[in-house]
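I have placed the structure first, in the form of structure tokens, so that the comments after it can refer back to it.
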Amino acid sequence: MILLGPPGAGKGTQAAILSQTLKIPHISTGDIFRANIKSGTELGVIAKRYIDEGKLVPDDITIGIVEDRLKSDDCINGFIMDGFPRTIPQAEMFDQMLDKHQKAVELVVNIQVPDEAIIKRMSGRRMCACGRTYHVENNPPQKEGLCDTCGGTLYIRDDDREETVIERLKTYHQQTSPLVAYYEAKKLVLNVDGMKPIDETTKEILTAIEKK
Ligand code: ADP
Ligand code: AMP
């Protein structure tokens with residue numbers, strides 16, 4: 001399954017819940033880049049340059065990390081892609097990668113949220129290194145500043161400041177939104193309203209999976 005949508009649509013939030021419910025891994029290219037930035041790897045140094053400007057990390061680098069991640073045993077029964085693919089070449093390469101293993105994309109959930117709402121959401125987003133995401137008002141943790149799942153200290157993403165969010169939205173409209181038509185042509189898209197409460201969106205996605 002692929003979760004598609006602008007930055008801040010709720011992809012990571014839904015992916016974390018669906019991963020627990022369906023018992024398949026949540027693969028976020030953004031989380032992989034952030035972990036590399038934190039541990040100071042060469043990949044992290046390169047990725048940071050693009051991420052800080054609200055731009056996409058080049059396709060060859062991104063495709064390489066996904067290819068590596070999909071080799072893990074935990075991906076055998078499926079996986080949830082959050083934030084990948086983000087360009088048409090990435091989607092084409094992903095199709096080829098899956099095809100090699102006699103697999104294919106089964107569902108693309110397109111989470112729709114208007115740009116105005118996104119800027120507001122991002123300013124209240126709080127992240128945990130374990131992959132869970134919170135919002136100070138819409139989705140707060142039980143204990144302020146700490147993750148409900150692992151107890152880790154929550155942090156604010158560098159790229160969630162307003163100037164960078166505006167750049168990321170531009171990047172989304174130019175490079176990522178064409179993927180909706182790419183997957184619609186393959187009849188794989190489920191459009192969901194990302195302005196609804198988090199649990200309603202989860203239910204809609206789970207119902208679509210049951211029907212498949
Ligand atoms: P993405 O992974 O698409 O960038 P996130 O899952 O990190 O987005 O969500 C962005 C912010 O919006 C987070 O602070 C999250 O808690 C909040 N959020 C997610 N889904 C909803 C929703 N349905 N309604 C309100 N806020 C939401
Ligand atoms: P995310 O956590 O999904 O919001 O991603 C954070 C940032 O990582 C993005 O703004 C991009 O700079 C980079 N990134 C994540 N996924 C991709 C991808 N599939 N292709 C290129 N860049 C990506």
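Quick caveat: nothing in here was measured; it's all calculated off a predicted structure. Each ligand, and each atom within it, is numbered from 1 in the order the structure gives.
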Quick one: does Thr29 get an N or O within less than 3.5 Å of an N or O on ligand 2?
->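 Min N/O separation from ligand 2 is below 3.5 Å for Thr29.
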Any N or O of Leu56 closer than 3.5 Å to N or O of ligand 2 =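 N/O-N/O distance below 3.5 Å does not exist for this pair.
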Protein heavy atom at shortest distance from [atom]:
{"atom": "atom 15 (C) of ligand 2", "result": "Arg86 NH1, 3.2 Å"}
{"atom": "atom 23 (C) of ligand 2", "result": "Phe33 CE1, 3.7 Å"}
{"atom": "atom 25 (C) of ligand 1", "result": "Asn138 ND2, 3.3 Å"}
{"atom": "atom 8 (O) of ligand 1", "result": "Gly10 N, 3.1 Å"}

Spell out, as yes or no, whether a donor-acceptor pair under 3.5 Å connects the side chain of Thr171 to the backbone of Gly54.
->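 Indeed, once roles are kept as given, a pair shorter than 3.5 Å links the two residues.
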Mark yes or no for whether Tyr183, through its side chain, and Asn110, through its backbone, hold a donor-acceptor pair below 3.5 Å.
->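 No; zero donor-acceptor contacts below 3.5 Å.
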Counting each atom of ligand 2 from 1 as listed, which ones have a heavy atom of [X] under 4.0 Å away?
{"X": "Gln90", "answer": "18 (C), 19 (N), 20 (N), 21 (C)"}
{"X": "Phe84", "answer": "19 (N)"}
{"X": "Lys55", "answer": "11 (C), 12 (O)"}
{"X": "Arg168", "answer": "4 (O), 10 (O)"}
{"X": "Val57", "answer": "13 (C), 21 (C), 22 (N)"}
{"X": "Thr62", "answer": "18 (C), 19 (N), 20 (N), 21 (C)"}
{"X": "Arg34", "answer": "2 (O), 6 (C)"}

Give a yes or no on whether [X] atom [atom1] has more than 12 heavy-atom contacts from other residues, nucleotides or ligands under 6.0 Å away.
{"X": "Lys48", "atom1": "NZ", "value": "no"}
{"X": "Lys211", "atom1": "NZ", "value": "no"}
{"X": "Glu42", "atom1": "CD", "value": "no"}
{"X": "Glu106", "atom1": "CD", "value": "no"}
{"X": "Glu162", "atom1": "CD", "value": "no"}
{"X": "Gln20", "atom1": "CD", "value": "no"}
{"X": "Asn77", "atom1": "CG", "value": "no"}

Are [X] and [Y] ion-paired here, with the side-chain N under 4.0 Å from a carboxylate O?
{"X": "Glu167", "Y": "Lys170", "answer": "yes"}
{"X": "Asp74", "Y": "Arg69", "answer": "yes"}
{"X": "Lys196", "Y": "Asp193", "answer": "no"}
{"X": "Asp82", "Y": "Lys11", "answer": "no"}
{"X": "Lys186", "Y": "Asp95", "answer": "yes"}

Would Lys11 count as a contact of ligand 2 if the rule is a heavy atom under 4.0 Å away?
->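 Checking ligand 2 against Lys11, which is what was asked, there is no heavy-atom contact under 4.0 Å.
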Say whether Val192 and Val180 are linked into one hydrophobic cluster, either directly or through other cluster members, by side-chain heavy-atom distances under 4.5 angstrom.
->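 No.
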When you look for heavy atoms under 4.0 Å from ligand 1, do you find them on the side chain of Thr13, its backbone, both, or neither?
->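 It is both backbone and side chain that touch ligand 1.
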Polar-atom distance check: [X] versus ligand 1, any N or O pair below 3.5 Å?
{"X": "Pro7", "result": "no"}
{"X": "Met122", "result": "no"}
{"X": "Lys196", "result": "yes"}
{"X": "Gln14", "result": "no"}
{"X": "Met195", "result": "no"}
{"X": "Arg121", "result": "yes"}

Any side-chain heavy-atom pair of Leu70 and His101 under 4.5 Å |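 Of all side-chain heavy-atom pairs linking His101 with Leu70, none is under 4.5 Å.
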With no hydrogens and no angle check, do the side chains of Arg132 and Thr149 hold a donor and an acceptor under 3.5 Å apart?
->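 The criterion, which ignores hydrogens and geometry beyond distance, is satisfied for Thr149 and Arg132.
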Would you say the side-chain atoms of Thr164 and Asp159 include a donor-acceptor pair closer than 3.5 Å?
->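 Side-chain D/A pair, Thr164 to Asp159: absent.
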Just which atoms of ligand 1 are under 4.0 Å from any heavy atom in [X]?
{"X": "Gly12", "answer": "1 (P), 2 (O), 6 (O)"}
{"X": "Tyr134", "answer": "13 (C), 14 (O), 16 (O)"}
{"X": "His135", "answer": "14 (O), 16 (O)"}
{"X": "Asn139", "answer": "16 (O)"}
{"X": "Gly8", "answer": "1 (P), 3 (O), 4 (O), 8 (O), 10 (C)"}
{"X": "Thr133", "answer": "7 (O), 13 (C)"}
{"X": "Ile198", "answer": "20 (N), 21 (C), 22 (C), 23 (N)"}

Test item, Gly5 contacting ligand 1 (heavy atom, 4.0 angstrom) |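 No, Gly5 has no heavy atom closer than 4.0 Å to ligand 1.
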Out of Arg157, Arg125, Arg168, Glu200, who gets a non-hydrogen atom closest to atom 5 (P) of ligand 1?
->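 The nearest heavy atom belongs to Arg125.
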Evaluating non-hydrogen atoms only, which member of Thr176, Ile32, Ile51 is closest to atom 8 (O) of ligand 2?
->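 Going through Thr176, Ile32, Ile51 one by one, Ile51 has the nearest heavy atom to atom 8 (O) of ligand 2.
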How does Arg157 reach ligand 2, if at all, at less than 4.0 Å between non-hydrogen atoms: by side chain, backbone, both, or neither?
->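 Side chain only.
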